[in-house]
Amino acid sequence: MTASLPLEGVRVLDLSTVFMGPYAAQILAGWGAEVIKVEALEGDQVRGIGDVGRTGLGPIFINANGGKRSLALDLKAAGAREVLHALVRRTDLLLHNVRPPAAARLGITWEDLSVVNPSLVHCAFRGYGAGGPWADRPAYDDVIQAGSGVAMAQAVGGAEPAYWRSAVADKVMGIYGAAAACAALRSRDVTGEGRAVEVPMFEAMAAFMLLDRQGGWVTDPPNGPTGYPRTDSPHRRPYATKDGYLAVMIYADKQWLSFFRLIGRTDLGDDPRFHDINARTRHIDELYALLANEIATRTTAEWEAAFEEADIPHGPVNTIEDLFSDPQLVATDFFQTIHQPGMGPVRLARSPIDMGVPAAAPRPAPRLGEHTREILAEAGFAAEEITQLHDDRVVASAD
């Protein structure tokens with residue numbers, strides 16, 4: 001029996017836009033799922049971000065939608081519901097990030113679609129969980145970073161609150177959503193029954209942050225402050241060497257003892273401030289300040305050689321541009337160049353997860369409505385019906 005990717009044969013209907021839902025669907029596509037991206041007639045708005053050539057294929061869109069097929073469908077149009085239901089009957093998993101009131105108006109809720117396909121797994125991304133006062137509020141990455149504690153966690157040493165320089169909440173939700181969808185699909189395969197899954201951004205990011213930052217508030221009442229001293233230390237940063245920067249993460253007892261030997265300070269191994277992980281965590285500022293001062297005394301190459309021999313975790317401080325020539329990524333064929341219709345050669349990252357079989361090769365992202373006709377035909381629409389849907393502006397095609 002030939003090994004295959006774990007989600008081969010799973011059909012996904014991706015009604016989501018922007019980052020988190022498309023990213024979840026992209027992860028699932030990398031694991032073998034067949035993904036149909038349903039877009040409004042004007043397309044997902046991220047098609048235009050960074051779209052220098054006005055192709056409708058900006059870099060974020062390409063990275064989050066490679067390998068999907070595109071159906072342009074106006075969900076608000078008369079006749080759209082018939083199209084949607086025909087697709088849902090053939091679908092295992094549906095994803096969307098439409099706010100609950102709008103989802104109800106469009107007829108894409110679990111209550112609407114489970115009648116059409118009782119074995120459907122329905123995964124809805126939303127800003128805030130059902131039952132709360134903000135359940136119907138709009139939410140974007142920055143708002144959730146602020147509300148979940150991310151922004152204030154960056155305010156170390158009197159600094160102002162700051163966002164991570166990445167749409168991290170959206171991307172974390174994509175990972176949560178992909179995991180939740182796989183769990184629900186597993187349940188469906190066992191029971192034969194579909195289910196509704198909700199992925200609320202605020203609650204999910206709050207849980208994400210609390211893992212290492214709840215601190216003394218893990219007890220009720222609290223027995224100490226929140227936070228994690230190691231990650232809060234102002235001395236935790238890429239360290240300046242004589243000629244550049246180096247990332248160093250010394251954590252375990254053995255690693256610190258090795259470092260103390262490297263700098264000729266074996267006495268520090270017996271220092272009660274640094275003797276074990278609890279003591280080091282309490283005195284992490286002193287320890288990281290020592291580390292920063294020592295790293296500055298040698299070149300990057302000298303420290304790399306010393307840390308390699310001592311088996312101390314370390315690595316380069318890359319720019320995004322550096323990633324494309326990083327020796328580890330080059331050796332593992334992480335980037336692959338493919339032909340993107342309408343653009344020419346593009347360089348894409350493969351799925352990073354090893355499923356025990358060759359990873360799915362990166363595939364081009366679709367032009368808006370590129371596959372409308374073939375998807376409708378697969379769903380049972382006759383040629384004349386497809387033509388009428390185009391004439392009525394219910395659907396659109398790239399051709």
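Side-chain contact between Leu7 and Cys182: present, with at least one pair of heavy atoms (C-beta onward) separated by less than 4.5 Å. At a threshold of 4.5 Å between non-hydrogen side-chain atoms, the residues Pro366 and Arg69 do not count as touching. In this structure, the side chains of Arg213 and Thr231 come closer than 4.5 Å at one or more pairs of heavy atoms. You'll find the side chain of Leu185 reaches within 4.5 Å of the side chain of Asp92, heavy atoms only. You'll find the side chain of Thr387 reaches within 4.5 Å of the side chain of Asp391, heavy atoms only. Side-chain contact between Val143 and Phe202 is absent, with no heavy atoms from C-beta onward closer than 4.5 Å. For the pair Gln145/Met205, no side-chain contact is recorded, criterion being any heavy-atom separation below 4.5 Å from C-beta on. At a threshold of 4.5 Å between non-hydrogen side-chain atoms, the residues Arg47 and Leu57 count as touching.
Of all non-hydrogen atoms in Gly21 and Phe125, the two that sit nearest each other are CA-CE1, 3.8 Å. Taking each heavy atom of Val12 and Ala33 in turn, the nearest pair found is CG2-CB, 3.9 Å. Between Pro364 and Gln340, the closest heavy-atom pair is CA-OE1, 3.4 Å. Between Gly269 and Leu257, the shortest heavy-atom contact is CA-CD2, 3.7 Å.
When each of Thr281, Asp285, Val156 is checked for a side-chain contact (heavy atoms from CB on, under 4.5 Å) with Ser233, only Asp285 meets the rule.
Here Trp110 contributes atom CH2 and Leu120 contributes atom CG; the two are 6.0 Å apart, rounded to the nearest 0.5 Å. Taken from CG in Leu389 to OG1 in Thr372, the straight-line distance is 10.5 Å, to the nearest 0.5 Å. Going from atom CG of Leu348 over to atom CD1 of Ile338 covers 4.5 Å, rounded to the nearest 0.5 Å. Interatomic distance, CG of Asp14 versus CG of Leu93, reported as 9.0 Å (0.5 Å rounding). For the atom pair CG (Leu84) and CG (Leu13), the distance works out to 6.5 Å, reported to the nearest 0.5 Å. A distance of 5.0 Å separates CG in Leu368 from CD in Glu39, rounded to the nearest 0.5 Å.
Applying the ring-ring contact (aromatic ring centres under 6.0 Å, His included) rule to Phe335 yields the partners Phe324; only residues at least two apart in sequence or on another chain are considered.
For the residue pair Gln45 / Thr17, no side-chain donor-acceptor distance below 3.5 Å is found, with atom types taken as modelled. Inspection of the Thr299 and Asp243 side chains reveals no N or O donor paired with an N or O acceptor under 3.5 Å. His122 and Ser114 are not linked by any side-chain donor-acceptor pair at a separation below 3.5 angstrom, with hydrogens and angles left out of the test.
Aromatic ring pairs are classed by plane angle as parallel below 30°, tilted from 30° to 60° and perpendicular above 60°; the pair Phe274 and Phe260 is tilted. Using cut-offs of 30° and 60° on the angle between ring planes, the pair Trp134 and Tyr128 is perpendicular.
Taking a cutoff of 4.0 Å between a charged side-chain nitrogen and a carboxylate oxygen, Arg81 and Asp112 do not qualify as a salt bridge. Note on Asp253 versus Arg280: salt bridge recorded, some NZ/NE/NH1/NH2 to OD/OE distance being below 4.0 Å. At a threshold of 4.0 Å, the pair Asp311-Lys254 does not count as salt-bridged, since none of the basic side-chain nitrogens sits closer than that to a carboxylate oxygen. Remark: Arg265 does not engage Glu294 in a salt bridge, criterion side-chain N to carboxylate O under 4.0 Å.
Note: the hydrophobic cluster containing Val88 does not contain Val35 (ILVMFWY, side chain heavy atoms under 4.5 Å, direct or indirect links). Placement of Trp31 and Val199 within a single hydrophobic cluster is found when ILVMFWY residues are connected by side-chain heavy-atom separations under 4.5 Å, directly or transitively. Hydrophobic clustering (side-chain heavy atoms under 4.5 Å, transitive across Ile, Leu, Val, Met, Phe, Trp, Tyr) groups Ile27 together with Phe208. With hydrophobic clusters built from ILVMFWY side chains whose heavy atoms lie under 4.5 angstrom apart, Val150 does not share a cluster with Leu211.
Side-chain atoms of Asp170 never come within 3.5 Å of backbone atoms of Met20 as a donor-acceptor pair (strictly under, hydrogens ignored). A donor-acceptor pair under 3.5 Å links the side-chain atoms of Thr219 to the main chain of Asn223, judged by distance alone. Looking at Arg99, its side chain does come within 3.5 Å of a backbone N or O of Asp136 through a donor-acceptor pair. Within the 3.5 Å criterion, the main-chain N or O of Ala25 finds no donor-acceptor partner in the side chain of Lys68.
Open room surrounds CZ on Arg186; 12 or fewer heavy atoms of other groups in view lie less than 6.0 Å from it. Other residues, nucleotides and ligands contribute at most 12 non-hydrogen atoms within 6.0 Å of the CZ atom of Arg393.
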Begin from the C-alpha positions of Asp322 and Thr319 and carry the test side-chain hydrogen bond (donor to acceptor under 3.5 Å, both in side chains) through to its verdict. CA-CA 5 Å; Asp322 290 335; Thr319 64; 3.1 Å; yes
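Between Phe307 and His314, the distance from one ring center to the other falls under 6.0 angstrom.
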